[in-house]
2 protein chains.
Amino acid sequence: MSRRSGILEFAVLGLLRESPMHGYELRKRLNTSLGVFRAFSYGTLYPCLKSLVANGWLVEEQGSAPDDAKAASLAGRRAKIVYRLTAEGKEHFEELLAHTGPDAWEDEHFAARFAFFGQTSRDVRMRVLEGRRSRLEERLEKMRASLARSRERERLDSYTLELQRHGMESVEREVRWLNELIESERAGRDRRTGPDQ
Amino acid sequence: MSRRSGILEFAVLGLLRESPMHGYELRKRLNTSLGVFRAFSYGTLYPCLKSLVANGWLVEEQGSAPDDAKAASLAGRRAKIVYRLTAEGKEHFEELLAHTGPDAWEDEHFAARFAFFGQTSRDVRMRVLEGRRSRLEERLEKMRASLARSRERERLDSYTLELQRHGMESVEREVRWLNELIESERAGRDRRTGPDQ
DNA sequence: TTCGTCATGTAATGGGTTACATGATTAC
DNA sequence: GTAATCATGTAACCCATTACATGACGAA
């Protein structure tokens, strides 16, 4: 029941929704295709998979080597364990997709949520995008305040200042990006730009 | 001897080098002035301070309330504990400043290192900046490769693609930033842009 | 036959947060 | 006098990594 990591659980369920996979492959997709998430290690991934199985959200299946037909008959070979999403798992994932709590737009979660926007309803997408934006604007506010404060007091050498400036610009840039996305959602983005399954 | 966190230790020593401080104030500076580092909690900071004291790099001093003169005589009051860098601590910090191992340009460390560039010799600054840049270029390489790979195979919906695109742009932007900084260092940047103590 | 990569797992450890406990000082 | 903020600390927990252990499979 415990021993799960929120974002990893979410990403795993999301990836497996598209198609069944074994752990090793799952990890690669977590790093590369959806390279956005940080690279989880096997020491994290495998236990997580076990716990998802224990929850009834996944089932393990004996997938065999690359060529299924030939090897299917061999009894004792250590086959790959292919994980498949159950109906309950699908349901659970959909619930997670629908959540729009504040943590949905925190740094780590947001990328994962965004990566599965293709499966997410438009109103939820909007809430998450807008939540993230206001989160970043708060942050900007604080940065500006602290910057003003330190300017008064004449602290901060040029490097510290430069670092702060660059940090603020990054955040401002993400806000602009979000603005475009929100605009595009509002304009009715059912005409997708990509193939989308 | 153990129970220290690299970046936190580094930042604490660096901040205390400028002037003695107590824990609470230290934490604020960690978050706001040098807001770049993630916000460490007291549960992390205080034990870290203790261990730095145990190493002989800091000493605790009984600082009293804002006005030192008046309160100095009161015996039993729970005074603020002001931490001051020892000679050994200063030496240790200088060693840390001189390190240019690969981890110096990893995401978390880099910001901390950069924040104390004001205390860092130019050649070390150059190595760190260039190290970071090539680190990011590696990352870009991988991102491009994986993007190309997934394009072939026709995977990835528009959102995943957009996320990836934005991620790459962020990295490219940081590379440009580093280029400017490196250029500026090379051009002989002893004429600082700011007051710098 | 050996090397690289695929593939699955566990135990020890690390590095950090949260929640809690305590109390002083300042502003209203 | 009471609320907010300053200030210090600890214990329990969480999440994830590292190092380790195991072994199959394909290619040189």
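Naming: A, B, ... by sequence-line order, numbering from 1 per chain.
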Under 4.0 Å between a side-chain N or O of [X] and OP1 or OP2 of [N]?
| X | N | answer |
| --- | --- | --- |
| A:Y42 | C:dG9 | no |
| B:K50 | D:dG9 | yes |
| A:Y46 | C:dT8 | yes |
| A:T44 | D:dT17 | yes |

More 5' along DNA chain D: B:G43 or B:K28, using each one's nearest nucleotide?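 By nearest-heavy-atom nucleotide position, the 5'-most residue is B:K28.
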
From the options [options], select the nucleotide whose nearest atom is closest to the side chain of [X].
| X | options | result |
| --- | --- | --- |
| B:F40 | D:dT8, C:dT17, C:dG9 | C:dT17 |
| B:H22 | D:dA7, C:dT17, C:dT8 | D:dA7 |
| A:Y24 | C:dT5, D:dT17, D:dA16 | C:dT5 |
| B:Y83 | D:dG9, C:dA7, C:dT17 | D:dG9 |

Distance-only, no hydrogens or angles: does the A:R113 side chain make a donor-acceptor pair with backbone N or O of A:L97 under 3.5 Å?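 The answer is yes, because a donor-acceptor pair under 3.5 Å joins these two groups.
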
Verify, without hydrogens or angle tests, whether B:R122 (side chain) and B:E185 (backbone) share a donor-acceptor contact under 3.5 angstrom.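 Pair found, side chain donor or acceptor close to backbone of B:E185.
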
d([atom1], [X]; [atom2], [N]) in whole Å:
| X | N | atom1 | atom2 | answer |
| --- | --- | --- | --- | --- |
| A:I81 | C:dA7 | CD1 | C1' | 9 Å |
| A:N31 | C:dT5 | CG | P | 16 Å |
| B:L49 | D:dT10 | CG | C1' | 15 Å |
| B:K80 | C:dT25 | NZ | P | 10 Å |
| A:I7 | D:dC14 | CD1 | C1' | 15 Å |

Between B:E18 and B:R29, is the closest basic N to carboxylate O distance under 4.0 Å?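 Result for this pair is yes, salt bridge flagged.
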
Mind checking what makes salt bridge (charged side-chain N to carboxylate O under 4.0 Å, His left out) contact with B:E172, not counting sequence neighbours?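 Applying salt bridge (charged side-chain N to carboxylate O under 4.0 Å, His left out) to B:E172 gives B:R144.
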
Looking at residues at least two apart in the chain, or sitting in another chain, which of them share a salt bridge (charged side-chain N to carboxylate O under 4.0 Å, His left out) with B:E169?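 Testing B:E169 for salt bridge (charged side-chain N to carboxylate O under 4.0 Å, His left out), a comparison that skips the adjacent residues, returns A:R173, B:R165.
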
